[in-house]
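Heads up: the structure comes next, in structure tokens.
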Amino acid sequence: MSGLPGSNLVVLVVGKGAREHALAWKLSQIVKHVFVYPGNGGTQKGVANVSNLTERPVNQGSDYEYIARTAKALNVGLAVIGPDDAVVDGIEEHFRHAAIPCFPPSKAAAELEGSKVFAKTFMDKHNIPTAAHRSFSDVEAAIAYVESVNHRIVIKADGLAAGKGVVLPETTTEALAELRGILQDEKFGAAGSSVVIEEYMEGDEISLLTFSDGTTFRSLPSGQDHKRIGEGNTGPNTGGMGVYSPVPFVTRSALDQIDREIIEPTFAGLRAEGRPFVGLLFTGIMITPVGPKVIEYNVRFGDPETQSSMMLLSDDTDLAAVLLSCTTGTLDQVRLDVRPGFACNVVVASGGYPGPYTIGKEIVLKPSPAGVMVFHAGTKRDESDGGLRTAGGRVFSVAAFGTTLREAVDKAYQGVQSVHFDGMIFRKDIAAQGLGNI
Ligand code: AMP
Ligand code: GLY
């Protein structure tokens with residue numbers, strides 16, 4: 001593979017989840033070296049040209065300055081950022097000042113995820129279909145509005161609230177209590193100084209990851225996440241418990257409609273507003289009876305969507321070249337091929353997640369079947385014995401490719417059998433809808 005454009009490149013991936021492990025794994029097939037900051041137990045050991053960077057020593061400036069300075073010293077030629085807060089905070093500027101190509105969008109374009117009020121106003125302005133909505137910062141006005149509508153609503157804190165800023169109340173009483181909690185008692189801090197209240201949309205939810213160089217855009221196959229902790233989509237929301245891709249019931253014509261009515265106007269609108277989007281846009285879409293509508297935008301790779309997407313990219317797709325082409329306005333010139341078939345990943349979490357859970361549990365990993373990747377998330381190597389321990393809520397994301405969806409799902413669950421730690425939990429019904437079981 002040495003003739004491909006990314007082959008001499010040193011890449012930095014920022015983040016510590018299974019998303020970052022999956023990106024590092026795919027990038028490492030072609031580039032010279034991938035550093036991950038801060039990484040996890042899976043990116044620390046296992047692949048020769050992937051390693052973790054040590055965390056910032058105290059008194060070394062801000063984390064972002066430190067990362068950009070360290071990257072420069074290591075000759076990094078491409079920076080890829082996982083977490084939303086770093087992108088929304090404008091980490092891109094630090095790499096730009098260090099003259100290192102940085103994949104995620106500018107702070108201005110990242111406002112699409114950083115402010116729900118901005119995103120909603122943007123969609124209205126550019127006629128992009130989304131749930132009907134109103135924004136409020138005054139609690140009494142918000143309460144009066146909720147009391148006046150006769151449909152189910154969703155409340156969203158304006159800013160980033162560590163993935164917890166969306167509330168789906170089932171009754172008006174619950175909605176009013178939530179509004180007081182957010183706007184009056186500041187339960188989400190400054191992120192909740194204003195809220196968006198929108199209509200609850202019925203339909204099938206899908207995720208679409210789209211690369212953009214500002215002008216050209218290219219989407220990966222659609223995916224479906226499973227947000228709730230419990231089987232049958234019950235219990236509290238999580239960061240995502242598993243994704244399969246492509247989603248068989250999303251037709252070509254639905255995808256064309258999504259491109260025409262959502263994706264194209266989004267990039268055109270951002271360009272027109274002087275915030276061209278360079279990077280990866282993750283659009284959460286509800287396929288409703290009256291057509292697709294935007295649930296939310298994220299300005300970064302999805303987790304666990306990315307784990308499945310990486311399994312679908314063809315062997316000769318040079319991911320680093322794709323990411324670099326976005327930064328140079330040449331996305332129309334690179335190979336970006338997807339294998340025919342399906343991918344599925346199942347998230348293995350600590351017992352108690354998304355509520356309180358215990359870390360530090362010993363992990364036993366047995367060899368996994370061929371075609372299965374065990375991507376690490378909350379894992380850490382013990383400094384004394386090098387053994388693997390749990391270090392977070394979502395611990396692994398076990399991903400597999402199959403020529404049929406059934407095969408991909410069965411392989412992913414076989415892979416889960418190779419992972420063991422005390423109290424581990426995972427959903428048993430990932431892809432049930434795609435398989436036609438519900
Ligand atoms: P988020 O944290 O923004 O990903 O939102 C969490 C989840 O809430 C989404 O993935 C949807 O399942 C759900 N959701 C958000 N907005 C709506 C809406 N307007 N109607 C129905 N479900 C929604
Ligand atoms: N899978 C949802 C997210 O990445 O936000």
Side-chain angles (χ1 to χ4, degrees), residues 15 17-20 22-23 81-88 104 112-117 119-120 123 129-135 149 151-170 175 178 188 191-192 195-210 220 222-229 233-245 247 280-290 292-309 345-347 349 354 375 377 393-394 397 399 427 430 433:
R19 162 182 60 195
E20 288 78 12
L23 289 168
I81 316 295
D84 49 12
D85 49 355
V87 181
V88 170
L112 215 48
E113 176 168 4
S115 166
K116 302 264 192 218
V117 175
K120 283 295 197 179
M123 285 185 263
T130 186
H133 59 95
R134 294 269 305 269
S135 306
V149 297
H151 55 75
R152 199 175 155 190
I153 55 142
V154 179
I155 304 171
K156 302 186 172 184
D158 176 45
L160 289 184
K164 300 194 175 76
V166 175
V167 187
L168 307 164
E170 288 186 9
E178 288 290 353
F188 296 134
V195 294
V196 169
I197 300 180
E198 61 180 43
E199 69 168 329
Y200 181 90
M201 295 185 282
E202 300 283 354
D204 295 316
E205 189 174 342
I206 62 158
S207 308
L208 199 63
L209 307 187
T210 309
L220 291 169
S222 61
Q224 189 173 50
D225 193 3
H226 299 67
K227 301 253 177 189
R228 308 285 187 129
I229 189 70
N233 296 326
T234 54
N237 255 338
T238 69
M241 296 304 292
V243 165
Y244 65 96
S245 173
V247 183
L280 184 125
L281 182 71
F282 165 154
T283 315
I285 296 165
M286 193 72 88
I287 314 271
T288 77
V290 294
K293 294 187 181 188
V294 175
I295 301 171
E296 57 157 358
Y297 292 114
N298 295 309
V299 295
R300 47 158 180 93
F301 285 95
D303 187 344
E305 283 81 354
T306 302
Q307 295 86 300
S308 286
S309 301
N345 77 83
V346 177
V347 169
F375 294 121
R394 290 194 292 177
S397 167
R427 271 183 65 164
I430 301 302
Q433 191 181 359

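Start at 1 and go down the list; that is how both ligands and their atoms are numbered. Keep in mind that this is a model prediction, so the values were computed, not measured.
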Inset, instruction - Run through ligand 2 for me and note each protein residue having a heavy atom under 4.0 Å from it, chain first, then residue number. - result: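 Protein residues near ligand 2 are D225, K227, G239, F282, N298, R300, G302, D303, P304, E305.
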
Hey, are the side chains of [X] and [Y] touching, using non-hydrogen atoms and a 4.5 Å cut-off?
X	Y	value
M123	Y297	yes
I285	L208	yes
D204	V247	no

Inset, instruction - Return yes when K116 approaches ligand 1 closer than 4.0 angstrom through a heavy atom, no otherwise. - result: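 Heavy atoms of K116 do come under 4.0 Å of ligand 1.
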
Legend entry - D158 side-chain N/O to K116 backbone N/O, donor-acceptor pair under 3.5 Å: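 Yes: the side chain of D158 pairs with the backbone of K116.
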
Legend entry - Side chain, backbone, both or neither: the part of E199 lying under 4.0 Å from ligand 1 by heavy atom: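 The part of E199 near ligand 1 is the backbone, not the side chain.
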
Legend entry - side chain to side chain donor-acceptor pair (under 3.5 Å) partners for R19, two or more places apart: none

Inset, instruction - Under the side chain to side chain donor-acceptor pair (under 3.5 Å) rule, collect the residues that match up with S309, sequence neighbours excluded. - result: none

Inset, instruction - May I ask you to check if ligand 1 and K156 share an N or O to N or O distance below 3.5 Å? - result: yes

Inset, instruction - May I ask you to check whether M201 has an N/O atom sitting below 3.5 Å from an N/O atom of ligand 1? - result: yes

Legend entry - For E198, all residues meeting side chain to side chain contact (heavy atoms under 4.5 Å, CB included), sequence neighbours excluded: K120, A131, H133, V154, K156, V196

